[in-house]
Amino acid sequence: MAEVLVLVEAANGSLKKSTLELLTAARTLGEPSAVVIGAPGTAAALKDKLAEYGAAKVYVAESEEIDAYLVAPKAEVLAQIAKDAEPAAILVASNAENKEVAARTAFKLDSGFLADAVEITAEGSAKQSIFGGAVTVTSRVAKGVPVISLRANSVSAAPAPGTAEEVSVPVSLSEGAKAAKLLERVEEAKGSRPSLQDASVIVSGGRGVGSAENFSVVENVADSIGAAVGASRAATDAGWVPHQMQVGQTGVTVSPQLYIALGISGAIQHRAGMQTSKTIVAVNKDPEAPIFELADFGVVGDLFTVAPQLAEEVAKRKG
Amino acid sequence: MNIVVLMKQVPDTYAERKLNPADNTLDRDASDAVINEIDEYAIEEGLLLKEAHGGEVTILTMGPDRATESLRKALSMGADKAVHVVDDALHGSCAITTAKVLAKALATIEYDLVIAGSEATDSRLSVVPALLAEALGVPQLSGARKVQVEGSTVTIERSTDTGYDRVEGATPAVISVVEKINEPRYPSFKGIMAAKSKPVQSLSLADLGMSPDEVGLGASTTTVESFQEAPPRSAGTIVKDEGNGGVAIAEFLASKKLI
Ligand SMILES: Cc1cc2nc3c(=O)[nH]c(=O)nc-3n(C[C@H](O)[C@H](O)[C@H](O)COP(=O)(O)OP(=O)(O)OC[C@H]3O[C@@H](n4cnc5c(N)ncnc54)[C@H](O)[C@@H]3O)c2cc1C
Ligand SMILES: Nc1ncnc2c1ncn2[C@@H]1O[C@H](COP(=O)(O)O)[C@@H](O)[C@H]1O
């Protein structure tokens, strides 16, 4: 069976949910091979879980140098593995960095890159949702190995045993891959909530929330459902929450099962990042707010009364 | 320091956008065309760097004839000149080809920095700057919310999921910027008048030493096989809060098995 390379991502020593989704999606195309590119020791902690989700092989490309430079090393190593393995496809999870890695890999392989797939077919073509969800296109890569980035929450991860046979890959980076040097990685506020990228439920607050302190209203709803917290640019610009929480065209693009917008008007740039959410709920005191055009369920009212009641009701129903 | 800013003309996001059923490419005539919003931030950053370090700002675009309107607007903001890669054969080019063409065009310009936007609103790819760095073999400094230049060293703050990365590279380099970086200026009346006489150079594929079969739909590394309009979102239920809005949402979520 054809091999399908899956770029592995982990945080704090455990696999990201999106990697499990990729391994699941890869099985429709062939046999998944996990590719771990990172600092020495990264793969060891991940192997069991990779086996559980069907990885037949685990390529281990470990070097201190990988994380010392931006993007280019990963593309170089991934392309090198692909040249030897001749896989049926290469899959990565859609996020800013992976898309850059994937595109540069496709460039090196003289193939093509399909971004933000919401479905991958057995023939290796991809469905993409464009123009804010108004149109769905089916695309394929015209030559060479298709490199595809898959949006989080597009498939549900399902285990299937694999042998996870380890293949060690020597890393020796070209000078060109060391052009953009990572000086420092700064972590800004990050709580225990799920990350926006992976979350299946997101509760976001906008200018209507009014202040940093008031954001607890949004957080309480999120915590009642076990959701990630997002925000509009108005809220991140005001400094109420860190900019990483921005959902939208220039923030994170999300596609969760459920998106709850509190005090967000629904500007086109915000919609661009959340429009393909499966179910959308909005609370806004302005009945004319454009967010209601998208909402499956909307409440015209004051978020400061509606949101706490929602959090309480959810908690009650959970018992 | 000479700076090239990459500007793409895109259909206005506020208007309805369409694909052309004849070849499944973006119908660029169906709607108003504007400067890709984030590219205005790239232009502003170019102008700010020029004001701090001297040199010239050149706007580079690859796009159809009508992109000249957007080039004039960029020139009216204060850029010095523009280069327009325009050739019918380019229609339908994929991101990889776009990067190759832009790289060829850059070979005709003297530059220390290339500044792009982080994402075009039509393609929503966010990969052309990375591909261009790959094609040119220069540092990729993308996703910048802050740019600092000292001599030939460029340092950026790259926005990440959990904070930011400080990344450094030597010129020549490709930067892409996010909208946190600055506030683009409006063209002044004087700027608009001055823009009319600023040089705009057109380059054809032949000028770049490329042949039509290297670009366009035929050479595209990706193909759109088909497209469907998504069924319109069925109108949702909108209720006015009469004191039980929160409970009503919970009931809706429960009915959808979301809680
Ligand atoms: C290049 C560019 C990129 C951008 N990228 C993004 C992006 O990625 N993400 C993004 O979000 N924006 C982005 N924007 C900004 C976008 O245009 C809007 O300005 C922003 O989304 C507005 O945020 P908001 O809805 O919170 O604020 P507003 O538009 O001010 O809306 C606030 C809403 O809250 C409601 N409200 C107020 N008080 C209450 C209350 N007590 N109870 C209930 N409702 C209340 C109001 O009725 C109003 O509808 C971008 C803009 C540009 C130019
Ligand atoms: N045809 C083009 N001409 C000039 N610049 C472009 C072109 N396509 C993309 N860019 C630049 O690359 C950035 C990212 O585009 P994209 O990768 O398509 O999302 C844009 O914001 C532009 O700055």
Side-chain angles (χ1 to χ4, degrees), chain A residues 70-72 96 99-100 103-104 106-107 111-115 125 131 133-143 176 179-188 190 195 197 225 243-244 249-250 257-258 268 279 281 292 294-301 305-310 313-314 317, chain B residues 13-14 17 19 38 94-96 118-119 121 124-127 130-131 134-135 137-143 155 159 161-169 178-180 220-230 233 236-241 245-250 252-254 256 258-259:
Chain A
L70 197 65
V71 173
K99 277 165 55 170
E100 294 178 332
R104 292 185 71 152
F107 188 104
S111 67
F113 168 55
L114 295 171
S125 56
F131 303 157
V135 175
T136 307
V137 301
T138 306
S139 317
R140 72 186 160 75
V141 167
K143 57 169 179 177
K181 196 163 141 200
L182 182 60
L183 300 178
E184 187 186 6
R185 176 150 281 174
V186 181
E187 303 278 327
E188 289 175 333
K190 176 92 187 179
S195 84
Q197 305 266 6
I225 319 183
H243 79 89
Q244 293 77 23
Q249 186 187 306
T250 41
Q257 295 299 328
L258 171 63
I268 195 136
T279 301
V281 171
F292 286 129
L294 294 183
D296 297 289
F297 195 82
V299 173
V300 179
T305 55
V306 177
Q309 190 183 63
L310 169 59
E313 183 67 20
V314 173
R317 280 168 188 256
Chain B
T13 7
Y14 295 86
R17 288 167 290 176
L19 289 179
I38 302 173
C94 64
I96 289 180
S118 60
E119 176 179 288
T121 54
R124 301 216 62 207
L125 277 171
S126 299
V127 299
L131 286 168
E134 173 79 31
V138 305
Q140 171 196 325
L141 303 171
S142 54
T155 313
S159 294
D161 298 346
T162 53
Y164 64 92
D165 287 349
R166 281 205 315 120
V167 188
E168 180 190 276
V178 298
E179 98 291 349
K180 302 274 165 207
S220 176
T221 61
T222 60
T223 317
V224 174
E225 290 178 318
S226 63
F227 69 89
Q228 302 98 38
E229 316 250 323
R233 259 198 125 87
T237 312
I238 311 295
V239 299
K240 199 170 170 317
D241 181 32
V247 174
I249 296 175
F252 169 78
L253 297 180
K256 290 260 181 183
L258 288 163
I259 52 171

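Heavy atoms only: backbone and side chains are in, while hydrogens, waters and symmetry mates are out. Residue numbering restarts at 1 for every chain, and letters A, B, ... go by the order of the sequence lines.
Contact count against chain B (heavy-atom pairs under 4.5 Å) is highest for A/Ala103 among A/Pro308, A/Ala103, A/Ser125, A/Gly301. In terms of heavy-atom pairs under 4.5 angstrom with chain A, the leader among B/Val239, B/Asp241, B/Val224 is B/Val239. Chosen from B/Gly137, B/Ala254, B/Ser142, the residue pairing most often with chain A at heavy-atom distances under 4.5 Å is B/Ser142. Comparing B/Arg124, B/Lys256, B/Lys240 by heavy-atom pairs within less than 4.5 Å of chain A, the highest count is held by B/Arg124. Looking only at heavy-atom pairs under 4.5 Å with chain B, the residue among A/Gly112, A/Ala106, A/Gly298 that has the most is A/Gly298. Per-residue counts of heavy-atom pairs under 4.5 Å with chain B were compared for A/Leu294, A/Ile225, A/Val137, A/Thr136; the largest is that of A/Thr136. Looking only at heavy-atom pairs under 4.5 Å with chain B, the residue among A/Glu313, A/Gln197, A/Gln249 that has the most is A/Gln249. Highest contact tally toward chain B, considering only A/Val306, A/Val135, A/Leu183, A/Val71, is held by A/Leu183 [criterion: heavy-atom pairs under 4.5 Å].
Side-chain contact check for A/Glu100 versus B/Ser126: every heavy-atom pair is 4.5 Å or farther apart. Between A/Thr138 and B/Ser226 the shortest side-chain heavy-atom distance falls below 4.5 Å. Side-chain contact between A/Phe113 and B/Leu131 is absent, with no heavy atoms from C-beta onward closer than 4.5 Å. Within the 4.5 Å cutoff, the side chain of B/Ile238 has heavy atoms near those of the A/Val300 side chain. Annotation: side chain of B/Asp165 is not in contact with side chain of A/Val186 (no heavy-atom distance under 4.5 Å). Looking only at side-chain heavy atoms (C-beta outward), B/Glu225 and A/Ser139 stay at 4.5 Å or farther from each other. Under the 4.5 Å side-chain criterion, counting only non-hydrogen atoms from C-beta, B/Thr221 is in contact with A/Lys143.
For the atom pair CD (A/Gln244) and OG (B/Ser159), the distance works out to 7.0 Å, reported to the nearest 0.5 Å. Atoms NZ and CD, on A/Lys181 and B/Glu168 in that order, are 5.5 Å from each other to the nearest 0.5 Å. The structure places CG of B/Leu258 at 5.0 Å from OG1 of A/Thr279, a figure rounded to the nearest 0.5 Å. Rounding to the nearest 0.5 Å places CZ of A/Phe131 at 10.0 Å from OG1 of B/Thr121.
The two residues B/Ala250 and A/Leu310 have their closest heavy-atom pair at N-CD1, 3.8 Å. What you find for A/Gln309 and B/Gly246 is that their closest heavy atoms are OE1-N, 2.7 Å. Annotation for B/Phe252 and A/Val281: closest pair CE2-CG2, 3.9 Å, computed over non-hydrogen atoms. The two residues A/Val299 and B/Gly245 make their nearest non-hydrogen contact at CG2-O, 3.9 Å.
Residue contact with chain B, scored on non-hydrogen atoms closer than 4.5 Å, involves the backbone and the side chain of A/Val141 alike. Using a 4.5 Å cut-off between heavy atoms, A/Thr250 touches chain B through backbone and side chain atoms alike. Interface residue B/Ile249: backbone and side-chain heavy atoms are both found under 4.5 Å from chain A. Contact of A/Ala307 with chain B is not made at all, since no heavy-atom distance falls under 4.5 Å. With a 4.5 angstrom heavy-atom cutoff, A/Arg185 touches chain B via backbone and side-chain atoms both. The part of A/Leu70 that comes within reach of chain B is its side chain, from C-beta onward, which places non-hydrogen atoms under 4.5 angstrom from that chain.
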